[in-house]
Amino acid sequence: MNAFKQIESFVSAAMRGSLSAAARLEGVTPAIIGRRLDALEERLGVRLVTRTTRKLSLTFEGQAFLEDCQRILNELANAEASVSLGGVKASGHLRLSAPAGFGRRHVAPLVSVFMAANREVSVDLDLSDRLVDLLNEGIDFSVRIGELSDSSLIGVRLGEMRRMVVAAPAYLVAHGIPLVPADLAVRGAVKLP
């Protein structure tokens, strides 16, 4: 059995959450996708997915392997595109989501640059602090600040954001350095609920 086909089937099934969805995409039966996954796991000597009748979920090893496989498949697609006649031009419509403040300051300017370089791409940028449902709302890409709670999504760390508490020097001289939030209420600076 072709090792490359096994990896493609693993990535497809992992991204879609089921053998049936991956099978529909490839035009084969779910049993074929299942056999490819079994062969891949046997060849690697590790369990990559946990299957139930309704869905599959990745093991810890499966999640790590998926990230490496996606990177390799993307690099392969890029390599093929760079040598094919005329290369591949980006086209189509992208739906992006980002937190309002962060999105206005950091994402929107990059979207403008991207669209200028890729005239065949249209972009819908949703700047909202609400938690979006990427699959049901048709969002292609989302920038979020914090931990990724849904393990079926693929997260890539773009950077770190530090938070700090600051005070005017005059306040610290007059009231001292607060050690806990309650210290602010005692000193009359903030009304706490």
Residues Asp68, Arg71: salt bridge by 4.0 Å N-O rule: yes

At what distance, to the nearest 0.5 angstrom, does CG of Leu58 lie from CZ of Phe10? 5.5 Å

For Glu120, is the CD atom crowded, meaning more than 12 foreign heavy atoms sit under 6.0 Å from it? no

Can any side-chain N or O of Thr59 pair as donor or acceptor with the backbone N or O of Leu48 at less than 3.5 Å? yes

Of all heavy-atom pairs linking His93 and Asp140, the shortest is O-OD2, 3.8 Å

Between Leu172 and Pro178, which heavy-atom pair has the shortest distance, and what is it? CD2-CD, 4.1 Å

Expected output: side-chain Ser9 to main-chain Lys5 donor-acceptor under 3.5 Å: yes

How close do Ser142 and Val132 get, heavy atom to heavy atom, and via which atoms? OG-CG2, 4.2 Å

Taking all non-hydrogen atoms of both residues, which atom of Ser128 and which atom of Arg130 are closest, and how far apart? OG-CG, 3.0 Å

Leu40 and Leu25: same hydrophobic cluster, using ILVMFWY side-chain contacts below 4.5 Å? no

Would you confirm whether Glu67, through its side chain, and Val156, through its main-chain N or O, come within 3.5 Å as a donor-acceptor pair? no

Check this for me: does any side-chain nitrogen of one of Arg47 and Asp38 sit under 4.0 Å from a carboxylate oxygen of the other? no

Any chain of hydrophobic side-chain contacts (each under 4.5 Å) joining Leu110 to Ile139? no

So how far is it from Arg16 CZ to Ile33 CD1, rounded to the nearest 0.5 Å? 10.0 Å

Distance-minimising heavy-atom pair for Leu179 and Asp183: N-OD2, 2.7 Å

Would the number of heavy atoms belonging to other residues, nucleotides or ligands and lying under 6.0 Å from CZ of Arg43 be above 12? yes

Got a salt bridge between Asp124 and Arg95, using NZ or NE/NH1/NH2 to carboxylate O under 4.0 Å? yes

With rounding to the nearest 0.5 Å, note down the distance linking CG in Leu158 to NE2 in His106. 11.5 Å

Minimum heavy-atom distance between Pro109 and Gly103, given as atom pair plus value: CD-O, 4.3 Å

Strictly by modelled atom types, are Arg144 and Ser97 linked by a side-chain donor-acceptor pair under 3.5 Å? yes

Do the charged groups of Glu26 and Arg36 touch, with an N to O distance under 4.0 Å? yes

Would you find a donor on one side and an acceptor on the other, under 3.5 Å apart, between the side chain of Asn118 and the backbone of Met115? no

Atom CG of Leu37 and atom CG of Leu56: how far apart are they, to the nearest 0.5 Å? 7.5 Å

Between atom CG of Leu127 and atom CG of Leu96, what is the distance when rounded to the nearest 0.5 Å? 9.5 Å

When rounded to the nearest 0.5 angstrom, what distance separates OG in Ser12 from CZ in Arg24? 10.0 Å

